[in-house]
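See structure below.
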Amino acid sequence: MHNLVIDIGNSYSKIAIFDKKNIVFYQRSEQLDDLLLLKLIEEYEIINATVSSVNHDITHITALLQDKVNYIEFTTSVTGNVHSYYQSGQTLGLDRWAKVIAAGQLLPKTNCLMIDAGTCITYDLLNKSSEYFGGSISLGINMRFKALNHYTDRLPLVTWNGDDDMIPEGDNTINAIKNGVLQGAVNEIIGFITNYNDKYTDLKIILTGGDAVFLTKQLKNSIFAPQIIYEPHWVLKGLNEVITL
């Protein structure tokens, strides 16, 4: 028996198939392919499926899944063992909530800070009592590059693919922008970790999202390195846990 989970984000859609808790298929693409979904459902004999979407109409996808498998609707009313104190649950991103569900199920009785570095950088903490009070949303790295270009007359749009390391000093405009954006993002994350670390003992830090590889590399020599877990599929794992609740 396999589960199909789909995470539709701002930039990409991610598909994963789980055999219990193990991912046996994964694909990231800019657009979902109906024919691929139908092929996967047949090939892997999918039984259950669920979808998380960030501000996208998923009526077509849910109709396809409902016709073929046991479709489980995912909303913030799905709580598992998590006690949420978020005041506007209807506007809480389902990707953020899936991460919280993952922490509650996979790291129970743990103070868990989840940092998702994608289009935006989000910070969410589930404490060891399975209580969620909310988090923070900040500009993602590429969004920072675009903002500098958009809101100024002379600064160029700097492209960054996640591979470039930070440089000690910006000796030209391009490098100055790269240095400011990348160092700023890293310092922001260190600041958030420091604040949470002062408040919560035995803190575990999950780094996920498209820019998590770069950030994990930058933080590997920090005092927080032993607490950091790089987990690229944390949202997908949370969605898989939703199916089993």
Side-chain angles (χ1 to χ4, degrees), residues 1-82 84 92-110 112 114-119 122 124 126 130 132 204 206-210 212-213 216 229-245:
M1 180 179 74
H2 292 93
N3 296 331
L4 169 67
V5 301
I6 302 172
D7 173 31
I8 305 173
N10 290 300
S11 302
Y12 296 96
S13 293
K14 282 81 71 177
I15 302 171
I17 295 174
F18 284 81
D19 179 3
K20 297 181 180 178
K21 295 184 182 296
N22 300 313
I23 295 177
V24 295
F25 175 89
Y26 169 77
Q27 179 173 300
R28 186 182 79 160
S29 61
E30 293 184 358
Q31 190 171 0
L32 287 174
D33 184 334
D34 288 4
L35 292 178
L36 173 63
L37 289 179
L38 292 171
K39 178 183 177 182
L40 293 174
I41 288 170
E42 180 178 357
E43 181 178 345
Y44 286 91
E45 299 180 340
I46 302 299
I47 302 297
N48 306 301
T50 193
V51 178
S52 165
S53 178
V54 180
N55 297 325
H56 289 271
D57 182 4
I58 60 172
T59 304
H60 173 70
I61 298 299
T62 57
L64 183 152
L65 295 175
Q66 287 171 337
D67 184 54
K68 298 294 183 180
V69 301
N70 175 40
Y71 176 71
I72 299 168
E73 184 180 9
F74 177 48
T75 70
T76 52
S77 64
V78 177
T79 59
N81 62 345
V82 174
S84 177
L92 177 62
L94 288 179
D95 55 338
R96 292 175 64 195
W97 189 236
K99 291 192 288 283
V100 174
I101 294 292
Q105 296 295 315
L106 302 175
L107 293 173
K109 298 181 180 179
T110 302
C112 183
M114 291 153 282
I115 303 174
D116 190 339
T119 303
T122 60
D124 292 286
L126 184 69
S130 290
Y132 175 70
K204 293 293 183 184
I206 301 293
L207 269 179
T208 191
V213 172
T216 302
I229 302 169
Y230 168 62
E231 179 46 78
H233 303 308
W234 196 244
V235 173
L236 297 170
K237 289 187 175 183
L239 292 173
N240 186 55
E241 292 300 316
V242 166
I243 290 175
T244 62
L245 291 176

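Start at 1 with the first residue, then count along the sequence.
A 4.5 Å side-chain heavy-atom check between Thr79 and Ser84 finds every atom pair outside the cut-off. Counting heavy atoms from C-beta outward, Lys99 and Ile206 have side chains that stay 4.5 Å or more apart. A heavy-atom distance below 4.5 Å is not found between the side chains of Asn48 and Val69. In this structure the side chain of Leu207 never reaches within 4.5 angstrom of the side chain of Val213, judged on heavy atoms. Using a 4.5 Å heavy-atom threshold, the side chains of Leu245 and Ile72 count as separate. Counting only heavy atoms from C-beta outward, the side chains of Leu64 and Leu38 approach each other to under 4.5 Å. Looking at His2 and Phe18, their side chains never come closer than 4.5 Å, going by heavy atoms from C-beta outward.
Taking Leu36 as the reference, Ile15, Gln27, Asp33, Leu40 meet the side chain to side chain contact (heavy atoms under 4.5 Å, CB included) condition, with sequence neighbours excluded. Under the salt bridge (charged side-chain N to carboxylate O under 4.0 Å, His left out) criterion, Lys14 pairs with Asp7, not counting sequence neighbours. Judged as a side chain to side chain contact (heavy atoms under 4.5 Å, CB included), and not counting sequence neighbours, Lys109 has no contacts. Residues meeting the side chain to side chain donor-acceptor pair (under 3.5 Å) test with Asp57, sequence neighbours left out: Thr59. Qualifying side chain to side chain contact (heavy atoms under 4.5 Å, CB included) partners for Val54, counting only residues two or more places apart in sequence or in other chains: Asn10, Asp95.
Side chain of Thr75 to backbone of Ser77: a donor-acceptor contact under 3.5 angstrom is found. Distance alone, capped at 3.5 Å, is enough to place a donor-acceptor pair between the Trp97 side chain and the Val78 backbone.
Here Arg96 contributes atom CZ and Asp124 contributes atom CG; the two are 4.0 Å apart, rounded to the nearest 0.5 Å. Ile61 CD1 to Tyr71 OH: the interatomic distance, rounded to the nearest 0.5 Å, is 9.5 Å. Here the straight-line distance linking atom CD1 of Ile229 with atom OG1 of Thr216 works out to 11.0 Å at 0.5 Å rounding. To the nearest 0.5 Å, the span separating CG on Leu32 from CD1 on Ile58 amounts to 10.0 Å. Taken from OG1 in Thr62 to CG in Asp67, the straight-line distance is 11.5 Å, to the nearest 0.5 Å. Residue Leu65 holds its CG atom at 9.0 Å from OG1 of Thr50, rounded to the nearest 0.5 Å.
Residue Tyr26 comes nearest to Leu236 through the heavy atom pair CE1-CD1, 3.6 Å, listed as atom of the first residue, atom of the second, then distance. Closest non-hydrogen pair, Phe25 versus Ile23, comes out as O-CG2, 3.3 Å. Closest non-hydrogen pair, Ile8 versus Val51, comes out as CD1-CG1, 4.1 Å. Here the closest heavy-atom approach between residue Asp19 and residue Met1 is recorded as OD1-O, 4.1 Å. Of all heavy-atom pairs between Gly80 and Ile101, the closest is N-CD1, 4.4 Å. What you find for Tyr132 and Leu92 is that their closest heavy atoms are OH-CD1, 3.8 Å.
Pairs of residues two or more places apart, or lying in two chains, that qualify as side-chain hydrogen bond (donor to acceptor under 3.5 Å, both in side chains) and include a residue from residues 233-244 are Asn3-Asn240, Lys21-Glu241, Glu231-Lys237.
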